[in-house]
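Owing to the predicted nature of the structure, the values given are computational and were not obtained by experimental measurement.
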Amino acid sequence: QALHLPAAVLLACMVCAVLLAVRGVQLALPAWGFNAGQALLGCLMAQSLQPRQLAAVWAHAPLFLGATLLLIGASTLLGWWLRQPRPNPTAGAPGVALCALATLLGVPLLALALGVVAWQPKWPAGLATWLAVNLAASVLAEELLFRGVLQGALVARLGAARGVALAAALFGLAHLPFGPAFAAVAGLAGLGYGAVLHASARLGAALLLHGALNLLHFLLLSYPLRLA
């Protein structure tokens with residue numbers, strides 16, 4: 001039990017390291033200190049794993065593998081994005097707020113008009129868990145890929161209007177398995193996310209808008225789609 005430490009301690013260290021790296025701070029750590037830290041983490045992980053837990057992981061191996069690959073991919077894209085030069089904003093705070101508000105109102109209204117979802121206000125018990133998973137597994141990954149990578153490359157090659165529009169169209173096509181109407185709604189949402197990113201030059205603004213729209217959908221409308 002001597003090595004039993006709360007997970008919050010390890011998470012706090014990780015968050016501090018990320019913040020220092022974002023600010024360009026370089027830390028010099030002796031090799032023995034790094035190796036000791038890795039050994040401690042290994043012991044903590046080994047201590048927490050029980051045979052019955054390993055059996056549960058094996059039973060849901062595809063889910064765990066997919067989540068792991070998604071986390072690795074999102075982390076890689078986030079690291080790449082943080083190292084990119086920051087463009088200048090093309091609009092002030094009022095313009096960004098107006099675009100975000102139009103997205104928050106227009107996308108649900110279009111979804112209701114097309115019959116993709118139905119009006120269904122609720123306050124689920126597992127809201128906090130859903131929000132954490134949605135932000136990490138959906139919002140972060142999608143924004144890094146479609147706005148951070150694709151939109152940036154398309155805007156540089158085609159210009160702002162066509163680049164943002166094409167990235168939004170690709171975002172809509174990615175949701176085509178849920179149906180053409182859902183893809184159209186997702187495309188409009190992608191247009192809003194892309195416009196907010198281009199106007200503010202902040203990926204965090206697009207992340208916040210995406211998360212807010214998903215939360216609005218979850219709380220006020222049928223989720224994920226309208227029941228037949």
Side-chain angles (χ1 to χ4, degrees), residues 7-8 11 15 53 56-57 59-71 73-75 77-78 93-94 96-148 167-197 199-200 202-228:
L11 290 176
V15 171
Q53 294 172 322
V57 170
H60 300 86
L63 177 62
F64 281 97
L65 179 61
T68 301
L69 293 177
L70 179 62
L71 181 60
S75 301
L77 288 175
L78 180 59
V96 174
L98 184 61
C99 184
L101 181 60
T103 303
L104 290 173
L105 292 176
V107 172
L109 289 176
L110 177 62
L112 287 168
L114 294 178
V116 175
V117 294
W119 178 254
Q120 192 182 88
K122 54 192 174 297
W123 190 265
L127 177 60
T129 302
W130 174 88
L131 184 60
V133 172
N134 186 263
L135 289 175
S138 175
V139 174
L140 179 60
E142 289 181 349
E143 288 309 305
L144 284 170
L145 176 59
F146 286 96
R147 254 60 64 183
L170 292 173
F171 184 69
L173 288 175
H175 293 79
L176 193 57
F178 296 100
F182 191 89
V185 173
L188 179 62
L191 191 62
Y193 306 150
V196 164
L197 170 60
S200 65
R202 299 285 181 181
L203 184 64
L207 287 168
L208 183 60
L209 177 58
H210 194 157
L213 186 59
N214 283 5
L215 181 61
L216 194 68
H217 177 187
F218 189 65
L219 292 179
L220 299 181
L221 307 172
S222 57
Y223 187 88
L225 299 173
R226 184 188 185 101
L227 296 177

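Formation of a donor-acceptor pair under 3.5 Å by the His217 side chain with backbone atoms of Ser222 is found in this model.
Contact between Gly192 and Thr103 at its shortest, heavy atoms only, is CA-OG1, 3.3 Å. In plain terms, the two heavy atoms of Ala205 and Val196 that are nearest each other are CB-CG1, 3.6 Å. Residues Ala168 and Gly190 approach most closely at CB-C, 3.7 Å, considering heavy atoms. Across Leu213 and Ala189, no two heavy atoms sit closer than the pair CD2-CB, 3.9 Å. A pairwise comparison of heavy atoms in Ala184 and Leu114 identifies CB-CD1, 4.5 Å as the closest pair. Between Val96 and Ala199, the closest heavy-atom pair is CG2-CB, 3.9 Å.
Atoms CZ and CG, on Arg202 and Leu208 in that order, are 13.5 Å from each other to the nearest 0.5 Å. The CG atom of Leu191 sits 7.5 Å away from the SG atom of Cys99 when rounded to the nearest 0.5 Å. Going from atom CG of Leu216 over to atom CZ of Phe218 covers 12.5 Å, rounded to the nearest 0.5 Å. Between the CZ atom of Arg147 and the CG atom of Leu203 there is a distance of 9.0 Å, given to the nearest 0.5 Å. How far CG of Leu104 is from CG of Leu215: 10.0 Å, rounded to the nearest 0.5 Å.
Relative ring orientation between His175 and Phe182 is described as tilted, the plane-to-plane angle lying within the 30° to 60° band.
The closest side-chain heavy-atom distance from Val116 to Leu110 is not below 4.5 Å. Side-chain atoms of Pro124 and Leu219, non-hydrogen and from C-beta on, do get closer than 4.5 Å to each other. Between Tyr193 and Phe146, every side-chain heavy-atom pair lies at or beyond the 4.5 Å cut-off. The side-chain heavy atoms of Leu220 and Pro108, taken from C-beta on, include no pair separated by under 4.5 Å.
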In a table with atom names and distances, give each donor-acceptor pair under 3.5 Å that connects a side chain of residues 128-137 to protein atoms at least two apart or in another chain.
{"residue": "Trp130", "atom": "NE1", "partner": "Tyr223", "partner atom": "OH", "Å": "3.4"}
{"residue": "Asn134", "atom": "OD1", "partner": "Asn214", "partner atom": "ND2", "Å": "3.0"}

